[in-house]
Amino acid sequence: MRLRTTTVAACAALLAVTALTGCNRGSDSSAGTSGKVGIDLPRSDSDFWNSYNSYIEKDIKAGVVSALPRTNSQNDIGNLVANVQNFANEGAKAIVMAPQDTGAIASTLDQMSKKNIPVISVDTRPDKGPVYMVVRADNKAYGEKACDYLGTQLKGKGKVAEFEGALDSINGRDRSEAFASCMKTKYPDIKVIALATDWEGDTASAKLQTTLASDPDLNGIYMQAGGVFLQPTLAVLQQKGLLKPAGTAGHITIISNDGIPEEFKAIKAGQIDATVSQPADLYAKYALYYAKEAMAGKTFQPGPTDHDSTIVKIPNGLEDQLPAPLVTKDNVDDPSLWANQLGTS
């Protein structure tokens with residue numbers, strides 16, 4: 001993804017008023033950067049996370065950091081805790097993780113802090129426990145963008161099914177709460193049918209079938225994770241004869257979150273209408289960047305960065321909120337989107 005950089009003048013002005021170092025490039029330390037990074041992948045049943053893994057692998061091969069063999073916790077907090085403990089025992093100097101249950105990782109984060117092992121959390125923000133940096137997009141904006149897109153396309157009326165992510169995850173909560181609040185405030189004549197899924201495609205599929213039976217006039221769907229919900233959703237609609245091209249009578253307007261290549265194909269085919277592109281490439285890039293900077297003893301402060309994002313203060317650390325653009329048929333071919341770069345280099 002092509003990144004825009006701040007100008008020298010803007011950086012100088014920022015330094016003058018906020019005392020940030022290098023526009024949030026970090027403050028230098030004499031500590032070295034040698035050491036291994038432990039990296040846990042959260043799951044392998046999602047196209048989004050598999051894409052993230054491919055970027056991690058590419059950057060490791062390029063020598064961005066030296067890494068221990070990667071683990072995959074398979075959406076199980078017990079596995080994640082065990083994997084992190086093993087990283088610590090193997091001498092990891094920094095750890096990159098993406099805890100799916102953001103409430104159950106606090107004690108492990110406390111243990112890593114006592115061992116002076118900085119932790120970078122990707123995509124999800126732990127509810128408690130110290131983190132060096134959270135690399136994440138603004139997930140409340142995901143819900144708000146989905147709400148506004150559906151509200152506009154449906155002209156403020158209709159029925160929308162929402163595949164909620166797990167509510168024990170900060171991402172599921174942020175997206176769900178923002179979507180519900182936006183709909184209630186701005187589009188009160190749209191009925192939202194919230195379907196708890198625990199990020200499981202099979203669960204979403206079964207609940208969509210039940211919803212279509214009880215509400216055959218459903219005319220909108222919000223999928224909080226296209227990587228797990230896209231194919232099951234298309235299969236159900238195809239089976240029921242409801243997979244009608246965008247712009248034709250009976251089309252169910254669908255917006256998703258992730259920005260994977262399969263979503264782009266579906267947008268081009270008129271099967272779904274939009275997605276919010278989570279930056280899988282930037283998640284990988286800046287997870288490893290902050291792991292490297294943490295091992296070097298560098299620190300950061302809230303404020304704008306030099307990579308088109310903003311670092312914000314959170315109760316247990318800092319969060320770098322990366323940009324996540326809305327993708328529709330109008331910009332689906334934009335070469336700067338990460339899904340359009342896969343296989344090109």
Cluster overlap [X] with [Y], hydrophobic side-chain contacts below 4.5 Å:
X      : Y      : result
Leu41  : Val119 : no
Leu288 : Ile120 : yes
Ile254 : Ile193 : yes
Leu242 : Ile272 : yes
Trp338 : Tyr286 : yes

So which heavy atom on [X] is nearest to which on [Y], and how close?
X      : Y      : value
Phe264 : Ala339 : CE2-CB, 3.6 Å
Ala280 : Phe48  : CB-CE1, 3.6 Å
Asn72  : Gln74  : OD1-N, 2.9 Å
Met295 : Val37  : CE-CG2, 3.6 Å
Ile190 : Leu150 : CD1-O, 4.5 Å
Ala266 : Leu230 : CB-CD1, 4.4 Å

Close side-chain approach of [X] and [Y], heavy atoms under 4.5 Å:
X      : Y      : result
Val160 : Leu154 : yes
Leu109 : Pro130 : yes
Asn86  : Thr71  : no
Val135 : Tyr289 : no
Gln231 : Glu262 : yes
Gln209 : Gln239 : yes
Cys147 : Met183 : yes

Co-members of Ile170 in a cluster of I, L, V, M, F, W and Y side chains, linked at under 4.5 Å: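 Besides Ile170, the hydrophobic cluster comprises nothing; the residue is isolated.
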If only atom types and distance count, is the side chain of [X] paired as donor or acceptor with the main-chain N or O of [Y] below 3.5 Å?
X      : Y      : value
Asn340 : Val332 : yes
Ser113 : Asp110 : no
Ser181 : Glu177 : no
Glu164 : Glu162 : no
Glu263 : Ile260 : yes
Ser66  : Lys36  : no
Ser214 : Thr211 : yes
Gln341 : Pro335 : yes
Asp47  : Gly227 : no

Point-to-point distance, once rounded to the nearest 0.5 Å, from [atom1] of [X] to [atom2] of [Y]:
X      : Y      : atom1 : atom2 : answer
Leu167 : Thr102 : CG    : OG1   : 10.5 Å
Arg175 : Asn257 : CZ    : CG    : 5.0 Å
Ile255 : Lys145 : CD1   : NZ    : 9.0 Å
Leu212 : Ile221 : CG    : CD1   : 6.5 Å
Lys207 : Glu200 : NZ    : CD    : 11.5 Å
Asp123 : Asn171 : CG    : CG    : 4.5 Å

Val84 meets the side chain to side chain contact (heavy atoms under 4.5 Å, CB included) criterion, sequence neighbours left out, with Leu80, Ile95, Met97, Thr108, Met112
Do the side-chain N and O atoms of [X] and [Y] include a donor-acceptor pair separated by under 3.5 angstrom?
X      : Y      : value
Asp258 : Gln278 : yes
Thr253 : Gln153 : no
Asp334 : Ser336 : yes
Gln238 : Gln271 : no

Would Asp127 and Arg173 satisfy salt bridge (charged side-chain N to carboxylate O under 4.0 Å, His left out), going step by step from the backbone distance to the final call? CA-CA 11 Å; Asp127 297 346; Arg173 292 199 300 272; 2.9 Å; yes
Quick check on [X]: does its [atom1] atom have over 12 non-hydrogen neighbours (other residues, nucleotides or ligands) under 6.0 Å away?
X      : atom1 : answer
Lys128 : NZ    : no
Lys184 : NZ    : no
Asp202 : CG    : no

Q: Assess whether side-chain contact (heavy atoms from CB on, under 4.5 Å) is satisfied between Asp148 and Tyr187, documenting all intermediate values.
A: CA-CA 9 Å; Asp148 282 326; Tyr187 308 103; 3.1 Å; yes
Note to self: For a side-chain contact (heavy atoms from CB on, under 4.5 Å) check, start with the C-alpha distance between Asn53 and Arg70, then their side-chain angles and the critical distance, and finish with the verdict.
What the structure shows: CA-CA 10 Å; Asn53 183 36; Arg70 274 161 285 166; 2.7 Å; yes
Please report the C-alpha distance between Gln224 and Tyr142 in whole Å, then the side-chain angles of each, then the deciding distance to 0.1 Å, and finally whether the side-chain contact (heavy atoms from CB on, under 4.5 Å) criterion is met. CA-CA 8 Å; Gln224 287 191 13; Tyr142 290 12; over 6 Å; no
- For side-chain contact (heavy atoms from CB on, under 4.5 Å), just list the numbers for Tyr55 and Ile60, CA-CA rounded to whole Å, side-chain angles, deciding distance to a tenth of an Å, and then say yes or no. CA-CA 9 Å; Tyr55 283 111; Ile60 289 173; over 6 Å; no
- Task: Could you tell me which residues satisfy ring pair (Phe, Tyr, Trp, His ring centres under 6.0 Å) with Tyr222, sequence neighbours excluded, listed by chain and number?
- Result: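 Residues passing ring pair (Phe, Tyr, Trp, His ring centres under 6.0 Å) with Tyr222: Phe179.
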Applying ring pair (Phe, Tyr, Trp, His ring centres under 6.0 Å) to Tyr52 and not counting sequence neighbours gives Trp49
Report, one line per pair, each donor and acceptor closer than 3.5 Å where one atom sits in a side chain of residues 314-331; sequence neighbours left out.
unit_1, atom_1, unit_2, atom_2, d
Asn316, ND2, Pro126, O, 3.1
Asn316, ND2, Gly129, O, 2.8
Glu319, OE1, Arg125, NH1, 3.3
Glu319, OE2, Arg136, NH1, 3.3
Glu319, OE2, Gln321, NE2, 3.0
Asp320, OD1, Ser309, OG, 2.6
Asp320, OD2, Tyr290, OH, 2.7
Asp320, OD2, His307, NE2, 2.7
Thr328, OG1, Asp330, N, 3.2
Asn331, OD1, Thr328, N, 2.8
Asn331, ND2, Leu326, O, 3.0

**Prompt:** Can you say whether the rings of Trp199 and Phe229 are parallel (under 30°), tilted (30 to 60°) or perpendicular (over 60°)?
**Reply:**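 Correct class here is parallel.
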| field | Contact list for residues 63-120, test ring pair (Phe, Tyr, Trp, His ring centres under 6.0 Å), sequence neighbours left out | value |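 Matches after skipping sequence neighbours: none remain.
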